[in-house]
Amino acid sequence: MNNNQKITLYPSNWLYNAGVIGFLRVLEFGSKLNDNIFDESNIVVNREWIKESYDLIFKYHKEKFSIWGKNRRYPNYIQLKHKNFFEREFIPSLVNVVERPSAKICGWCGGFFLPDNILENLRGTWTGRSSNGFERFMEQREKFQAIHISELGGAITEMPNSFWNLNFSMPLCHLCSYLIIFHHLSFIKGEKNTEIFINTPHFYLTWDLNKFAEEILQKEYELRKLLGASFIQWAIKRRTLLGAWTMMNIEVIIKKWHKEEKKYIIDYFDLP
């Protein structure tokens with residue numbers, strides 16, 4: 001397989017990393033994951049896996065999973081009337097993403113966008129009645145908002161409400177906008193409606209630590225014991241090569257359902 005058939009993904013913020021780890025879980029379920037995918041702190045994926053992962057995510061789920069209309073995880077990520085276009089045209093086109101084909105940028109990664117010729121082909125297959133429907137559809141793919149994660153994203157039609165610089169959004173590339181629908185799969189269920197994700201700036205370490213944490217929680221360890229344990233002890237038990245990893249910034253993201261406010265609360269903790 002030549003390099004043109006592969007894409008290298010680099011660690012970024014915790015939400016992007018969680019999307020990539022969830023993507024890897026789906027690839028593992030589809031018997032596509034192997035050690036060759038990890039390259040130092042990065043991962044190298046076959047372009048075709050992007051398209052194949054879409055069907056796999058529905059097979060992976062043991063419960064109903066939806067990204068269209070009003071749904072629990074990704075509310076109105078796509079409208080039901082756009083479902084066929086999204087599945088038959090947009091998803092297969094993602095194998096053609098290229099890194100920074102224009103002046104567009106991505107707030108999360110180097111930026112993997114669909115080139116202009118592919119966008120023109122997609123515009124030709126658009127079946128919506130609105131004259132600017134395709135442009136609006138693509139705009140949703142390119143702006144971080146509530147459809148990507150309701151707990152953090154703002155509504156792009158409302159006043160600035162999400163970021164320290166008073167912007168209501170940040171630019172996303174087409175690949176990042178897709179990978180984010182896998183982020184919930186990386187969270188490990190704990191006690192009392194709590195979910196955790198361990199984030200590091202190294203994809204293999206992130207993958208390994210979350211697998212290990214899942215093993216611990218399955219043995220009914222309390223979450224506070226997990227967070228209170230020494231990371232060095234974890235690594236020794238895993239027989240993980242330490243080296244520079246002990247100097248990395250390792251954090252735990254905890255999502256907990258708040259009954260009174262009826263929404264998830266997200267907290268962050270650094271591990272020594």
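As a basis for the values below, the full set of heavy atoms in this structure was taken, side chains included, without hydrogen atoms, waters or symmetry mates. All figures in this text were calculated on a predicted structure; none of them were measured in a lab.
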> Between Asn76 and Ile78, is there a donor-acceptor pair closer than 3.5 Å when you use the side chain of the first and the backbone of the second?
no
> Could you tell me whether Glu52 and Arg47 have a side-chain N and a carboxylate O separated by less than 4.0 Å?
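No.
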> Judged by atom type as modelled, is there a donor-acceptor pair below 3.5 Å linking the side chain of Ser12 to the main-chain atoms of Trp108?
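Checked: pair present.
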> For Ile118 and Leu114, which heavy atoms make the closest approach, and how far apart are they?
CG2-CD2, 4.1 Å
> Please identify each residue that fulfils salt bridge (charged side-chain N to carboxylate O under 4.0 Å, His left out) with Glu40, with sequence neighbours left out.
none
> Using 30° and 60° as the class limits, which term best fits the ring planes of His183 and Tyr74: parallel, tilted or perpendicular?
perpendicular
> Search all heavy atoms of Ile188 against all heavy atoms of Asn210 and return the closest pair with its distance.
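Minimum heavy-atom contact is CD1-O, 3.2 Å.
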> Which pair of non-hydrogen atoms, one from Ser53 and one from Tyr178, has the smallest distance, and what is that distance?
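Answer, listing the atom of Ser53 first, then Tyr178: OG-OH, 2.7 Å.
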> Using the six-membered ring wherever Trp is involved, compare the ring planes of His202 and Tyr204 and label them parallel, tilted or perpendicular (cut-offs 30° and 60°).
perpendicular
> On the ring face of Phe187, is Lys255 found with NZ or CZ under 6.0 Å from the centre and within 45° of the axis?
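Positive - Lys255 is close enough to the ring of Phe187 and near enough to its axis.
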> Which atom pairs, donor and acceptor, lie under 3.5 Å between side-chain atoms of residues 87-99 and protein residues at least two apart or in another chain?
unit_1	atom_1	unit_2	atom_2	d
Glu87	OE1	Lys83	NZ	3.2
Glu87	OE2	Tyr54	OH	2.8
Glu87	OE2	Lys83	NZ	3.3
Ser93	OG	Phe90	O	2.5
Asn96	ND2	Ser93	O	3.2

> In plain terms, say whether Glu120 and Arg123 are close enough for a salt bridge, that is, a side-chain N and a carboxylate O under 4.0 Å apart.
yes
> Where does the angle between the aromatic ring planes of Phe86 and Phe137 fall among parallel (under 30°), tilted (30 to 60°) and perpendicular (over 60°)?
perpendicular
> Can you measure from CG (Leu33) to CG (Leu27) and round to the nearest 0.5 angstrom?
6.5 Å
> Looking at Gln140, Arg141, Gln145, which one forms a side chain to side chain contact (heavy atoms under 4.5 Å, CB included) with Tyr77?
Arg141
> Can we say Arg136 and Glu139 salt-bridge, meaning some charged N sits less than 4.0 Å from an Asp/Glu carboxylate O?
no
> Indicate the ring-plane relationship of Phe85 and Phe134, choosing parallel, tilted or perpendicular according to the 30° and 60° boundaries.
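Plane angle over 60°, so perpendicular.
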> Kindly assign one of parallel, tilted or perpendicular to the pair His61 and Phe65, based on the angle between their ring planes and the thresholds 30° and 60°.
parallel
> May I ask you to decide whether Glu214 forms a salt bridge with Arg25, counting only side-chain N to carboxylate O separations under 4.0 Å?
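Between Arg25 and Glu214 there is a salt bridge, with a charged N closer than 4.0 Å to a carboxylate O.
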